[in-house]
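Following: one structure in structure tokens, then a few remarks.
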Amino acid sequence: MNNMKKITEFQKLVYKETKKIPYGKVSTYAQIAKNIGNPKASRAVGNALNINPFAPVVPCHRVVRTGGKIGGFASGEKEKIIILKKEGVLVRQGKIVDFTKVFFKKKIK
DNA sequence: GTGTTGACCACAG
DNA sequence: GCTGTGGCCAACA
């Protein structure tokens with residue numbers, strides 16, 4: 001025990017939102033940023049997911065860039081694509097196929 | 001406290 | 001479609 005997860009409240013929010021992404025769905029950095037109350041903090045969101053101390057508890061691979069592009073991944077975009085494909089999310093040329101269909105949009109408001 | 005960096009976003013050309 | 005520029009936010013040296 002003694003879970004010394006030295007993380008900030010900001011990261012906690014990011015992970016919390018990220019964990020809400022259901023199987024077979026994806027979200028974006030900007031969307032998560034909005035959900036945590038900082039719509040302009042998309043960068044900080046990516047940073048938080050990068051260090052991701054809760055991996056693979058936190059499905060950071062389900063977070064992509066705006067427009068359906070993969071973005072980045074700690075193990076490489078290729079791995080990310082493979083994982084997404086396993087979850088039923090097809091990726092084509094670094095972009096998600098039917099992005100709007102697999103995009104988990106949280107209810108704002 | 002300042003400057004740089006980063007898994008970003010939006011706009012202009 | 002790509003590149004350059006500006007902007008936002010948090011973490012780190």
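Scope of the values below: all heavy atoms of this structure, side chains included, with no hydrogens, waters or symmetry mates. The structure displayed is predicted, hence computed values, not measured ones. Naming: A, B, ... by sequence-line order, numbering from 1 per chain.
One can place CG of A:Leu49 at 13 Å from P of C:dA11, the figure rounded to the nearest angstrom. Remark: C1' of B:dG6 and CG of A:Asn47 are 5 Å apart, rounded to the nearest angstrom. One interatomic measurement links the two molecules: CD1 of A:Ile7 to C1' of C:dA11, which rounds to 14 Å at whole-angstrom precision. Rounded to whole Å, the distance from CZ on A:Phe54 to P on B:dA7 is 20 Å. Regarding A:Glu9, its CD atom lies at a distance of 11 Å from the P atom of C:dA11, rounded to whole Å.
Mapping A:Lys40 and A:Ile51 onto DNA chain C by nearest heavy atom places A:Lys40 at the nucleotide closer to the 5' end.
Contact between the side-chain N/O atoms of A:Thr8 and the OP1/OP2 oxygens of C:dA11 is found at a separation under 4.0 Å.
No hydrogens or angles were tested; on distance alone, nothing pairs the side chain of A:Asn50 with the base of B:dG6 as donor and acceptor under 3.5 Å.
Contacts of A:Lys40 classified as side chain to side chain contact (heavy atoms under 4.5 Å, CB included), with partners at least two apart in sequence or in another chain: none. Listed by chain and residue number, nothing satisfies the salt bridge (charged side-chain N to carboxylate O under 4.0 Å, His left out) test with A:Arg65 (two or more places apart in sequence, or in another chain). Applying the ring pair (Phe, Tyr, Trp, His ring centres under 6.0 Å) test to A:Phe10 and every residue at least two apart in sequence or in another chain returns nothing. Partners of A:Tyr29 according to the ring pair (Phe, Tyr, Trp, His ring centres under 6.0 Å) rule, which considers only residues two or more places apart in sequence or in another chain, do not exist here.
At the heavy-atom level, A:Ala41 lies under 4.0 Å from the strands shown only through sugar-phosphate atoms.
In the region residues 10-21 of chain A, proximity to DNA chain B at under 4.0 angstrom, judged on heavy atoms, holds for none of the residues.
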Side chains of residues 94-102 of chain A: which donor-acceptor pairs under 3.5 Å do they make with residues two or more places apart or in other chains?
none

Could you give the side-chain donor-acceptor pairs of residues 73-82 of chain A under 3.5 Å, partners two or more places apart or in another chain?
{"from": "A:Lys80", "atom 1": "NZ", "to": "A:Val63", "atom 2": "O", "distance (Å)": "2.5"}
{"from": "A:Lys80", "atom 1": "NZ", "to": "A:Ile70", "atom 2": "O", "distance (Å)": "3.2"}
{"from": "A:Lys80", "atom 1": "NZ", "to": "A:Gly72", "atom 2": "O", "distance (Å)": "3.1"}

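Considering every non-hydrogen atom in both A:Lys19 and A:Pro59, the closest pair reads CA-CD, 3.8 Å.
Remark: the separation of the P atoms in B:dA7 and C:dG7 is 22 Å, to the nearest Å.
Counting heavy atoms from C-beta on, the side chains of A:Val45 and A:Ile36 come closer than 4.5 Å.
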N/O to N/O distances under 3.5 Å, protein versus nucleotides 9-13 of chain B:
{"from": "B:dC9", "atom 1": "OP1", "to": "A:Thr66", "atom 2": "N", "distance (Å)": "2.7"}
{"from": "B:dC9", "atom 1": "OP1", "to": "A:Thr66", "atom 2": "OG1", "distance (Å)": "2.4"}
{"from": "B:dC9", "atom 1": "OP2", "to": "A:Arg65", "atom 2": "NE", "distance (Å)": "3.3"}

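Listed by first and then second residue, the side chain to side chain donor-acceptor pair (under 3.5 Å) pairs that reach into residues 46-60 of chain A come to none, sequence neighbours excluded.
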